[in-house]
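What follows is a single structure, written as structure tokens, with notes after it.
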Amino acid sequence: MSLTKREVENVAHLARLEITEGEIERVVENLSSIINFVDQLRGADTGDVLPMAHPLDMSQRLRTDEVSESDQRERFQVNTSAVEAGLYLVPKVIE
Amino acid sequence: MEWETVIGLEIHAQLNTVSKIFSGASTAYGAEPNTQACLVDLGYPGQLPVLNAEAVAKAVKFGLATGSKVARRSVFARKNYFYPDLPKGYQISQFELPIVETGKIEVVLEDGSIKVVGLTRAHLEEDAGKSLHEDFAGMTGIDLNRAGTPLLEIVSEPEMYNAREAVAYMKTIHTLVRYLDISDGNMQEGSFRCDANVSVRPKGSEKLGTRAEIKNLNSFRFVERAINFEVERQIDILESGGKVVQETRLYDSVKDETRSMRSKEEANDYRYFPDPDLLPVVLEESYIEDIGKTLPELPGQKRKRFIDEHGLSAYDAGVLTASRELGDYYEHVVGRLGGDPKLAANWVSGELAGALNKAGLDITESVVGPQALADMLGRVLDNTISGKIAKDVFEAMWNGEGTADEIIEARGLKQITDSSAIEAVIDQVMEANPGQLADYRSGKDRLFGFFVGQVMKATQGKANPAQVNDVLRKKLAG
């Protein structure tokens, strides 16, 4: 199975990755060959196999419902470029 | 052409845990912005989510209460999209293997009939933060306190056929989550909101029409209005030969219309995949059984019991089971009164509900408690006061003038049941109104009410109405 240039462009856009005109052909080729590996796996009979959700064969540990984090806003907001009234400021998004 | 509307709802109920679904930050509402957003909620690199046991338990509770299949194994997945109030670039949700699948909800419609709505699934996920679009010099402000708050997304089958059914279904779920104490259901604070999938098709057609998804409806009234607007919009398009576009729309409550959210159209490709940061959630049989034992009597069961055992009407039973606290109050009154559930029901859903409503209070904040109300109603049952006087007594109790007995005593409201006293009053009234008496005796039966009124007036409403009727009828007959 081979991906089209359009499909790759679409996935790149959804992932907000910039792929230049010069790179696109190589990316299409590489991604297509990965998809082909997956296609080979499809040939295996997995009718009786539970789909794997995680490489570790373990189940999720749960935590007790307790507040364990204190307010560290000042420290965290040192790392951001714009703050006002405790809010992180970002370029305007509007519906 | 005749059209049929088809509606499915996705309800988001915030689970009332104290900490977030994947971190130990507080979920308390109303804190200063970003003071309850820790490194996990902020999506810092290297931070790992750890699942909150209580969020799982609450989802299981919901599953058991709706007769759904509770998955022995469920999996968290990443739902990928970019938005500033979603710092990680993905929302942790469940996709292929949700924790709850295929249940049913019995919905009581306005006419008292019961409609069964299928539940497709309910899954756990984290809420996003909040974007504030005003007042920041052309910038958007982001508050991530809400990010990571546990949500149960409850997805219905497309089995509702008008806006009122959809609202009745939403109210049923709202009541249920509060009975189960898994969500506070506070719609002003956004703890309970829904998206509506709406489509229309020619009546009789099996195939679903193209749907629009209306996002973020946070009141029952808006759900009804938004659906009604959307149905008309789609019918207009189809009748003028157009095609409905599958899209996400936003309801504007000020303009009472829905409009397209074009920016999110392309975002419908979420590229879900299992979250490698979280292992599958495996639930033991014994764990699920233990949670089953903690389920309270459910609203539907309570409603049925009130109808079957208390002899209440379907309507009264519905009103009194609207919240667990209201049902408890009513049962408390009946218990203390030792009978006459119908009288208790009338008072709780009538006079008391009216007073609460007027004062803007919840049943749990009622000025008059269930014992005090029951004691007052006891005085109606033992004929100390009439039902009419009882309303005055109740008002005085509400205003803090004391217990029913104290008020009856202080105001001299004791009912007159002494028949000679009643006869004396009736004699006076007849004597004072010779014209009406003559008219009555010559066949103007309607004047009976006039005489009753006069007697009641003369006794300040204290005469026992049944006795007055009896004696008056005899005396008037001459």
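First the proteins, then the strands, lettered A, B, ... as listed; each starts at 1. Values below: every heavy atom of this structure, side chains too, minus hydrogens, waters and symmetry copies.
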Side chain to side chain donor-acceptor pair (under 3.5 Å) with B:Ser26: which residues, sequence neighbours excluded?
none

Which heavy atom of A:Leu87 sits nearest to which heavy atom of B:Pro33, and what is that distance?
CD2-CB, 3.7 Å

For chain A, which residues of residues 34-45 of chain B have at least one non-hydrogen atom nearer than 4.5 Å to it?
B:Asn34, B:Thr35, B:Ala37, B:Cys38, B:Leu39, B:Leu42, B:Tyr44

So, for B:Pro84 and A:Val90, which heavy atoms are closest and what is the spacing to 0.1 Å?
CB-CG2, 3.8 Å

Spacing of B:Asp275 atom CG and A:Gln60 atom CD [to the nearest 0.5 Å]:
9.5 Å

Measure distances from A:Gln77 to the heavy atoms of chain B and classify the residue's part below 4.5 Å as side chain, backbone, both or neither.
side chain

Given the options A:Leu62, A:Asn79, A:Val83, A:Asp65, which has more heavy-atom pairs under 4.5 Å with chain B than any of the others?
A:Asp65

With side chains defined as the heavy atoms from C-beta onward, is the minimum distance between B:Thr140 and A:Leu89 less than 4.5 Å?
no

Would you confirm whether A:Arg61, through its side chain, and B:Leu279, through its main-chain N or O, come within 3.5 Å as a donor-acceptor pair?
no

Which pairs with one or both residues in residues 42-52 of chain B pass salt bridge (Lys or Arg N to Asp or Glu O under 4.0 Å), sequence neighbours excluded?
none

Count the heavy atoms belonging to other residues, nucleotides or ligands that lie under 6.0 Å from CD of A:Glu29, then report whether that count exceeds 12.
no

Nearest 0.5 angstrom please: B:Met139 CE to A:Lys92 NZ, how far?
10.5 Å

Does atom CD of A:Glu25 have more than 12 heavy-atom neighbours from other groups under 6.0 Å away?
no

Would you mind reporting whether A:Glu69 and B:Lys20 have side-chain heavy atoms less than 4.5 Å apart?
no

Got more than 12 heavy atoms from elsewhere within 6.0 Å of CD, B:Glu96?
no

Nearest 0.5 Å please: distance from the OG atom of A:Ser59 over to the CD atom of B:Glu284.
8.0 Å

Okay, B:Val281 and chain A: the region with an atom under 4.5 Å from a heavy atom over there is both

Quick one: list whatever passes side chain to side chain donor-acceptor pair (under 3.5 Å) with B:Arg73, sequence neighbours left out.
none

Has A:Arg63 got a side-chain atom pairing as donor or acceptor with B:Ser23's backbone, closer than 3.5 angstrom?
yes

Please find the pair of heavy atoms, one from A:Glu66 and one from B:Ser19, that lie closest to each other, and give the distance.
O-CB, 3.3 Å

If you count heavy-atom pairs under 4.5 Å with chain A, which of B:Ser131, B:Ala55, B:Ala53, B:Pro274 comes out on top?
B:Ala53

What part of B:Pro280 is in contact with chain A, defined as an atom under 4.5 angstrom from a non-hydrogen atom: side chain, backbone, both or neither?
both

